[in-house]
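The next block holds one structure in the form of structure tokens; read it before the comments.
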Amino acid sequence: MERSEWEIRWSDFLSVGIPEIDDEHRAFVGRVNDLNRAIVELEDKATVERIMALMLIEATSHFRNEARLLKARQYPQAADHARKHEELIDQFTRLTAKFREGELSFVWAMNGLRVKQLLVDHLLQEDMKFKEYFAEQTKELNRLLG
Ligand SMILES: [Fe+2]
Ligand SMILES: [Fe+2]
């Protein structure tokens, strides 16, 4: 299938090295592409809103899983990370309300794109921090074992 320039591709760079989390992140990237595609192809507001609703359900469950895992693995910033997830869900809810109020397609489309951008930024900035942390830990462990 041909790919468009706005399409996000999954790559090893995005992997955090925890298969369970990677699977959910991969599904999220797919959902982001669904949303982008719907907006680029000028789908109606109801279609975009349905994708946003699915994204919220999936993000809520992913955040819960991720927070549980970070805590279980004793990631030092686990509590702070969980707080960031909660803030994101709040922002998501606020932007969705704005999305619903928007009458001009330009306005609601912008709010739809803002929602997914918040989540993409979290993945690229915050989730990459625990990726790095666990990678360092593994390296250190191997050094001590070697
Ligand atoms: Fe995540
Ligand atoms: Fe996260």
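Note that ligands are numbered from 1 as they come in the structure, with each ligand's atoms numbered from 1 the same way.
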(message) Return all protein N, O or S atoms below 2.8 Å from the Fe ion (ligand 2), chain by chain in residue order.
(response)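 Correct list: Glu66 OE1, His81 NE2, His85 NE2, His122 NE2, Asp127 OD1.
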(request) Decide whether a cation-pi geometry holds between Lys116 and Phe92; the criteria are a distance under 6.0 Å from NZ or CZ to the six-membered ring centre and an angle within 45° of the ring axis. (result)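 No; the conditions do not both hold, so Lys116 does not lie above the ring face of Phe92.
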(message) Checking the side chain of Asn111 only, and the main-chain atoms of Thr96 only, is there a donor and an acceptor separated by less than 3.5 Å?
(response) no
(message) According to side-chain hydrogen bond (donor to acceptor under 3.5 Å, both in side chains), who are the partners of Arg64, at least two apart in sequence or on a separate chain?
(response) none
(message) Over 60° means perpendicular and under 30° means parallel, so tell me whether His81 and Phe130 are parallel, tilted or perpendicular.
(response)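 His81 vs Phe130 ring planes: perpendicular.
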(request) Any salt bridge (charged side-chain N to carboxylate O under 4.0 Å, His left out) involving residues 42-54? Give me the pairs, sequence neighbours left out, ordered by first then second residue. (result)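 Sorted pair list: Glu49-Arg100.
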(message) Other members of the hydrophobic cluster containing Trp6, with the 4.5 Å side-chain heavy-atom rule, please.
(response) Val40
